[in-house]
Structure formats: structure tokens, C-alpha cells
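All figures in this text were calculated on a predicted structure; none of them were measured in a lab.
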Amino acid sequence: MVSRRDFIFKSMLTSAATFAPAAMFSAMSSENILGSTPFAAPKNKTSGERYTPGKKYGLGGVAAGSAFHVNSDEQIRQMLEAAWDSGVRYFDTSPWYGLGLSERRMGQFLYNKNREEYVLSTKIGRILEPDSDFEMPDGIWKGKLNFNYKYDYTAEGVRKSVEDSLHRMGLPYLDIVFIHDLSPDNEDMGENWTTYFEEARKGAMPELTKMREEGLIKAWGFGVNRIEPILRTMEVADPDIFLSATRYSLIEHEEALNKLFPACEKNDVSLVMGAPLNSGFLAGHDRYNYSNDIPQAFMEKRDKLCEIAKSHQVELRSAALQFCAAPAVAASVIPGASTAEQAAANVASMSENIPADFWKELKAEGLIASNAPVPEEKK
């Protein structure tokens, strides 16, 4: 019986024959398609055959969409180049990030790279529509947008969204597709998120499963900031992997640790850890989870974390990133960056040695849960 992985690989070879030069095609093999880099995680962290990125650390594409402030094309190109040169081979983006801007920039950067050398995830849920007058004066995306958006979680909508993303990026297939922002914290939806969820259950979810079997994508799941949609999806569909953003960090992690992780292990799915720095908060920025409204308790907790980190000569950013990578269900951690310096610093943080006594003190002080997995000290 042909496994899903074998089926996907054969489908990829067929697609590659169409889009890749003959020399590239002849060099392809299942080993290098699914192979590792210096930042590789186990290909499957669980016992089944569900796809994982195989890259323990990646790069989030929010800043490539000019989040919070305008980031020039050249600045983002340099940032991506620094990430690549540092060994990053997993890139995450979305049509929502800058309303197409992040995908265009990532596609341009990755276009001449060996497609089998990196992993790429993007998202569906919003269809972009040309609109030169559309503005978001109070929104996260800065600069000229040129597009408006509408929600569409139908089968037709997800197929169009995937094809649009491939056109924007100039690529023949995607590795992972996340159903985006279908969650109660989405202000556009609020309590109506369950109505959108039902639309996705009937439309987007079976269509993504079909695309997975076609080989157009390798895996799908949800990319959300709450755990409820993830838990519900595992009850009604056959997802592979989820992007859980903001739910697991040094600041907040108990709900994900005690509710989400056990469910993922039971269902043999893994997690990509998004916003591990709480959108820069744990790297010293005065914003928390994409907002300038920072709870006072979190400010105080960060101060305590910084004090203990300093006493152990540990960079707090390094501790934050490695903490998110420690759980068995964590397939990858994807901090964002807007400059080359940030991208390189994130990678350096991922290999910093952190003494075991640092984690012991955090647990003794009640700053992290007693049952939270922590990295092993490097000997």
C-alpha cells in the first residue's frame, strides 16, 4: 500500500518536471526533499506519518508585510538573506500579512532557491481583491496596501486562495497551508467564528485534504491565536499540523501546556510555535501580542525574567525561543524579524547554552509551570 508520504513525493516529482529545469529534476530525491539542515528537527516527532517541517527553527513573515511600520523592499531582502545565510530553511507567510506584500517579497527572495531545500507555509481564509483606496489607519499593516479582503472558507475559496498565493510567489506547490484567524479573538468574527468554522468544516477542510492527496500541498491545519479552534478541528477533520501563535511563551503557557499539548499528542499532530517573543515583547519591545496595550502583570513578569536571566548571564530572547522549542509536540519555532540583525540574532539565540539552574530558578519562583518542558543544558 502506498503511504501518503510516498504519494506526495511522487506527485512532487511530477510537478517538478513541469516547473524545474532538467538538471534540478535529476538531482531530486526523497532524501533531499525530506532531508535536514543544521537546524533540522526529527522528520516526524510523533509515531505516525504526518508531515512536519523538519526544521526546528524558522522565520515568521509578519514583518515582511510591513507590520507596525514600513519596511522597505531592500530591508526585507537583507533580512531574508541574513536568515538564509544563518541556516534558516523554514519560512511562514500569509496573504493577510501586508495584504499580499509578505508573500510577494518572500516569493521574490525564494524564487531562485532550490525549491526542495526549504519549507514554506502560507494561509487561507481571506481572498484579496484589488482596491487602490483601501486603508487601515488603525491596523497593523503600514504603507500602501492596494488590496481589500473578504473571508471565504468554502472549497472554492480555499482553492482560489492557494492558487493566488502560488501566483504571487511564483512557486509550483506549498508545503503547509494553515486556515487563518478562524478564531474567537478575530474582531471581524467575534461570536460568529463558529459560523465560519462550520463553513470551513464543510468546505476548506475537505478541500485541503484533497489538495494534500493531489500533492499540491503536503499538510494543513489552523493558524490561530487561541486553542479552541485547534481542539475542535481535531474532532471533525484530519489535520496534520497547527500554527499556535501567542499561546505558548515564557509569559503565558499553562493553557496550551495542559489542554492543547495532550490533545495534539493523542491525535498525532504537531505544532509550529508562532509569536514566541509575544511579537517582540520578550525581546524588549513595548508591545504585546501585536498590541500596545500591555497588561501591567506582564510588564512585571518580564522584569523578573530579565533579572534572573541577567544573574545567569542568559539572553532573555534566547531563553524565550528555546523554551518554545522544548515541548515534544513543537515541530518548529518561527520568530519574526524586520532587519538582518534581528534575523541573525534569533538564530544565534537558538544555539546559546542556557544553564539548567536558570530553568530551575524560574520554576522555583513560579515564573514558568512546574511541568513545562525545558531545554537540556549543552555539555
Side-chain angles (χ1 to χ4, degrees), residues 4-5 8 41 43-46 48-56 58 60-61 90-97 119-126 153 155 157-159 161-162 165 173-186 193 196-248 256 259-276 324 327-334:
R4 180 194 301 168
R5 176 175 291 173
I8 290 173
K43 296 172 187 174
N44 286 281
K45 297 188 73 66
T46 52
E49 292 187 354
R50 296 193 186 279
Y51 177 84
T52 64
K55 321 294 180 185
K56 191 63 175 178
Y90 173 30
F91 300 85
D92 176 72
T93 184
S94 170
W96 175 236
Y97 299 163
V119 172
L120 180 68
S121 59
T122 192
K123 305 175 181 75
I124 64 93
R126 296 177 177 90
Y153 296 99
V158 68
R159 180 73 66 164
S161 183
V162 167
S165 290
Y173 66 87
L174 298 169
D175 296 296
I176 306 171
V177 173
F178 294 115
I179 298 174
H180 202 196
D181 285 345
L182 205 172
S183 178
D185 65 303
N186 185 336
W193 79 273
Y196 285 102
F197 185 93
E198 185 63 14
E199 180 177 85
R201 184 186 69 81
K202 295 178 180 178
M205 296 183 203
E207 190 69 12
L208 288 169
T209 298
K210 181 179 178 182
M211 291 184 194
R212 183 179 64 197
E213 300 307 326
E214 293 172 354
L216 188 62
I217 68 174
K218 299 179 190 175
W220 71 269
F222 268 50
V224 286
N225 301 326
R226 294 289 185 271
I227 72 170
E228 298 96 322
I230 297 177
L231 295 174
R232 185 173 295 199
T233 301
M234 287 188 283
E235 294 175 353
V236 302
D238 183 36
D240 304 278
I241 187 169
F242 293 96
L243 195 170
S244 178
T246 76
R247 291 296 88 194
Y248 195 80
K259 293 183 179 180
L260 179 59
F261 291 4
C264 289
E265 291 170 352
K266 178 181 177 181
N267 289 276
D268 192 27
V269 302
S270 57
L271 296 172
V272 174
M273 302 300 200
C324 289
V329 298
S332 189
V333 178
I334 52 169

Euclidean distance, [Y] [atom2] relative to [X] [atom1], rounded to 0.5 Å:
X: D238; Y: N267; atom1: CG; atom2: CG; result: 9.5 Å
X: E214; Y: T209; atom1: CD; atom2: OG1; result: 11.0 Å
X: Y90; Y: I176; atom1: OH; atom2: CD1; result: 4.0 Å
X: D175; Y: K55; atom1: CG; atom2: NZ; result: 9.0 Å
X: L174; Y: T122; atom1: CG; atom2: OG1; result: 6.5 Å
X: E228; Y: L260; atom1: CD; atom2: CG; result: 10.5 Å

Contact summary for [X] and [Y], nearest pair of heavy atoms:
X: W193; Y: P229; answer: CZ3-CG, 3.9 Å
X: S161; Y: K123; answer: OG-O, 3.9 Å
X: G125; Y: Y153; answer: CA-CE2, 3.4 Å
X: A204; Y: I179; answer: CB-CD1, 4.1 Å
X: M205; Y: V236; answer: SD-CG2, 4.2 Å
X: I241; Y: T52; answer: CD1-CA, 4.4 Å

T233 and F197: CA distance, side-chain angles, deciding distance, side-chain contact (heavy atoms from CB on, under 4.5 Å) verdict: CA-CA 9 Å; T233 301; F197 185 93; 3.4 Å; yes
Full working for side-chain contact (heavy atoms from CB on, under 4.5 Å) between V272 and F178: CA-CA 11 Å; V272 174; F178 294 115; 4.2 Å; yes
Check whether any side-chain N or O of [X] sits under 3.5 Å from a backbone N or O of [Y] as a donor-acceptor pair, and report yes or no.
X: R212; Y: K218; result: no
X: R50; Y: P239; result: yes
X: D92; Y: G60; result: no

Verdict with supporting geometry, W220 and V158, side-chain contact (heavy atoms from CB on, under 4.5 Å): CA-CA 12 Å; W220 71 269; V158 68; over 6 Å; no
Ring geometry between F261 and Y248 (parallel below 30°, tilted from 30 to 60°, perpendicular above 60°): tilted
Heavy-atom check, side chain of R126 versus side chain of D181, under 4.5 Å: yes
E207 and V162: CA distance, side-chain angles, deciding distance, side-chain contact (heavy atoms from CB on, under 4.5 Å) verdict: CA-CA 11 Å; E207 190 69 12; V162 167; over 6 Å; no
Ion pair check, R232 and E235, cut-off under 4.0 Å: no
